[in-house]
Structure formats: C-alpha cells, structure tokens
Amino acid sequence: MSIYELSKRIQSFFKFLSKLLIHHWRSLVVLFLGVYFPLQIFGELAEEVWEKEGGFPWDVPILLAIHSTASPQLDAFAITLTKFGAYWGVLPLSVAIVLILAFRRQWRLLTYALITLLGSVIINRTAKLVLQRVRPNLWESPAPEFDYAFPSGHAMGSMTFAIVLIILTWNTRWRWLVVIGSIVFAIAIGWTRMYLGVHYPSDIIAGWMASIAWTVGVSLLIRPHRSQRRLEKEETIPSV
C-alpha cells in the first residue's frame with residue numbers, strides 16, 4: 001500500500017468518524033452526563049465502602065445537623081412520607097403505570113418501564129449484599145431498619161421512579177411539571193431516610209447515582225419514544 005493510499009484511507013476514516021459523532025452528539029452528551037458521570041460517583045463511593053476505611057468524614061456531621069431539627073411533629077411527618085418511597089407510593093404507582101402501558105399496548109414504553117423498575121430493585125439488593133454496610137447508629141430511630149444500608153433502597157427506588165415518569169411524559173405538555181415534582185419527591189424521600197437516622201448521606205447519593213445511570217442507560221438502548229421506522233433510519237450508518 002502506497003503512502004498516498006494510506007493517507008486517503010486515514011482521511012476517509014476521520015471523515016466517517018466526524019459524521020458519526022455529529023449525527024449522534026446528543027446521545028453522546030446524555031451518555032456522558034447521564035451514565036458515565038453518575039457511575040463514576042457511585043464507583044468512588046462503593047470502593048470506599050468496600051474497603052471499609054471508616055466511611056466518609058462528612059457523613060456523620062450532616063446526619064447530626066439534620067437530627068438537630070428533630071421534633072415529634074417532624075418525626076410523624078417523616079415516618080409517613082418515607083412510606084411513599086416504597087409500599088405506599090412507588091410500588092403501587094409503578095404497578096399502575098405498567099398496567100396502563102400494557103392496556104394501551106405501548107410495548108416499547110412498557111418494556112422500558114419494566115426493565116428499569118425491576119432492574120433497579122435487583123441492582124440495589126445485589127449491591128447491599130455485596131457491600132454489607134451497616135446502618136448508622138447515632139440515635140434511636142423512630143422507624144428503624146435492619147438490613148444493609150448501601151445504597152439506599154428508598155433513594156434508589158424513588159429516583160428510578162422519578163426518572164421513569166419523566167421519560168414517559170417527556171413528549172407531553174406536562175413534562176416540566178413532572179420534572180419538578182419528581183425531583184422534589186426523590187429529594188424529599190432521601191431527606192426522610194437521613195432524618196430518621198437509617199441512612200448515611202453517602203447511601204442516599206449512591207442510590208441516586210446508580211438510579212440515574214441505570215435509567216438513562218436503558219433509555220439510550222431501548223429509546224422508548226422511538227417508532228420502529230425512525231429507529232431504522234437513525235441506526236443507518238452515515239455514508240462517507
């Protein structure tokens with residue numbers, strides 16, 4: 001092969017690569033911000049927990065600061081609200097969404113919802129069993145928990161549900177209302193877990209990061225709002 005032919009092939013490759021990157025730049029940005037970055041944070045937290053080096057220096061001060069606001073009325077509020085992060089809210093609403101999507105035969109959206117919601121539970125339980133982080137014991141919790149702490153199941157479940165709801169309603173006029181409401185809900189559930197003294201802040205952050213990476217990653221693979229015809233068109237490699 002001559003130097004001229006080699007040069008032409010290199011130029012052809014870079015031309016192809018530039019077209020490919022331009023064509024998929026939005027997906028690449030979402031991949032970096034929605035998958036890679038959250039996974040990096042989760043990985044750093046999980047590595048520290050795995051090595052059992054005493055945890056994070058900011059965990060206990062944050063918990064104590066939150067606990068300093070405690071009152072009987074706030075205890076009752078937190079105990080009630082935290083239940084919506086699992087059996088009173090996330091679980092029944094998730095089942096309702098799945099049934100509605102199945103009834104309406106929106107198979108791609110249904111597939112996305114099922115994979116993300118069930119996968120989030122599996123990831124959470126697996127991480128808890130592998131890392132086996134004990135829960136904080138700084139004060140007597142009004143709503144104690146007895147399984148492992150990392151990552152927080154309530155934080156992960158509520159964030160997974162929030163992002164699934166955002167993605168499902170993204171093409172509707174309600175999307176920004178859903179975005180705001182869902183994010184406030186996920187943050188509120190995370191607060192209840194720390195207020196009740198059953199999770200460190202790092203447990204909450206890890207749950208959020210794992211959920212974001214998982215739900216966004218699955219959406220990039222399934223593309224829940226794409227029709228089959230549009231998918232075939234988008235997956236065609238650009239000509240050079």
Side-chain angles (χ1 to χ4, degrees), residues 33-34 37-39 41-42 44-46 48-49 55-94 97 116-117 120-121 123-125 127-128 131 133-167 169 176-216:
L33 296 178
F37 187 66
L39 275 181
I41 297 176
F42 176 82
E44 291 293 329
L45 295 173
E48 184 74 17
V49 172
F56 305 92
W58 39 271
D59 267 336
V60 171
I62 292 175
L63 277 186
L64 292 177
I66 293 173
H67 183 59
S68 67
T69 66
S71 68
Q73 295 78 14
L74 207 51
D75 285 356
F77 174 74
I79 291 171
T80 301
L81 179 59
T82 202
K83 294 177 181 179
F84 286 92
Y87 300 109
W88 285 19
V90 169
L91 180 59
L93 289 176
S94 297
I97 288 173
T116 49
L117 293 169
S120 178
V121 175
I123 292 169
N124 181 262
R125 299 311 302 175
K128 282 180 181 289
L131 297 170
R133 187 186 200 186
V134 297
R135 293 180 182 270
N137 189 26
L138 301 177
W139 63 85
E140 184 177 353
S141 172
E145 301 279 359
F146 303 101
D147 61 342
Y148 296 118
F150 186 95
S152 166
H154 280 69
M156 193 166 176
S158 59
M159 183 60 77
T160 299
F161 176 79
I163 298 178
V164 168
L165 197 60
I166 290 170
I167 290 178
T169 60
W176 292 116
L177 182 62
V178 172
V179 167
I180 295 171
S182 298
I183 292 175
V184 169
F185 171 72
I187 292 174
I189 296 300
W191 168 80
T192 66
R193 307 311 287 164
M194 293 183 288
Y195 177 87
L196 294 171
V198 294
H199 278 296
Y200 293 106
S202 51
D203 299 332
I204 305 299
I205 296 172
W208 286 343
M209 293 300 105
S211 294
I212 291 170
W214 173 245
T215 51
V216 173

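A donor-acceptor pair under 3.5 Å links the side-chain atoms of Ser158 to the main chain of Ala155, judged by distance alone. In this structure a side-chain-to-backbone donor-acceptor pair under 3.5 Å is present from Ser211 to Met156. Panel note: side chain Ser120, backbone Leu117; no donor-acceptor pair is recorded below 3.5 Å. Not one N or O on the side chain of His154 forms a donor-acceptor pair closer than 3.5 Å with the backbone of Gly190.
Annotation: the span from Leu45 atom CG to Met209 atom CE amounts to 9.0 Å, rounded to 0.5 Å. The line from CD1 of Ile205 to CD1 of Ile41 is 8.0 Å long, rounded to the nearest 0.5 Å. The distance from atom CZ of Arg193 to atom CD1 of Ile66, rounded to the nearest 0.5 Å, is 12.5 Å. Atoms NZ and OG1, from Lys83 and Thr192 in turn, are 11.5 Å apart once rounded to the nearest 0.5 Å. Between Ile163 atom CD1 and Trp214 atom CH2 the span is 13.0 Å, to the nearest 0.5 Å. Taken to the nearest 0.5 Å, the CG atom of Asp203 stands 14.0 Å off from the OH atom of Tyr148.
Residues Thr82 and Trp191 have side chains not in contact (no heavy-atom distance under 4.5 Å, counting atoms from C-beta outward). Ile212 is not listed as a side-chain neighbour of Phe42, based on a closest heavy-atom distance of 4.5 Å or more. Contact of the Trp88 side chain with the Thr80 side chain is registered, since non-hydrogen atoms from C-beta on lie closer than 4.5 Å. Considering only heavy atoms from C-beta on, Ile204 comes within 4.5 Å of Met194 through its side chain.
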With side chain to side chain contact (heavy atoms under 4.5 Å, CB included) as the criterion, how do Glu48 and Ser202 come out once you've worked through the C-alpha distance, each side chain's angles and the decisive distance to 0.1 Å?
CA-CA 10 Å; Glu48 184 74 17; Ser202 51; over 6 Å; no

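For the residue pair Ser141/Arg135, the side-chain donor-acceptor check at 3.5 Å is not satisfied.
Nearest approach of Ile167 to Thr215, heavy atoms of both residues: CD1-O, 4.3 Å. Pro151 and Gly207 make their closest contact through CB-N, 3.6 Å (heavy atoms, listed as atom of the first residue, atom of the second, distance). Contact between Val198 and Ala143 at its shortest, heavy atoms only, is CG1-O, 3.5 Å. The shortest non-hydrogen separation linking Asp59 to Pro201 is OD1-CD, 3.2 Å. Taking both residues in full, the closest heavy atoms of Trp139 and Gly197 are given as CZ2-CA, 3.4 Å, listed atom of the first, atom of the second, then distance.
The aromatic rings of Phe161 and Phe185 sit perpendicular to each other, their planes meeting at more than 60°, with 30° as the lower class boundary.
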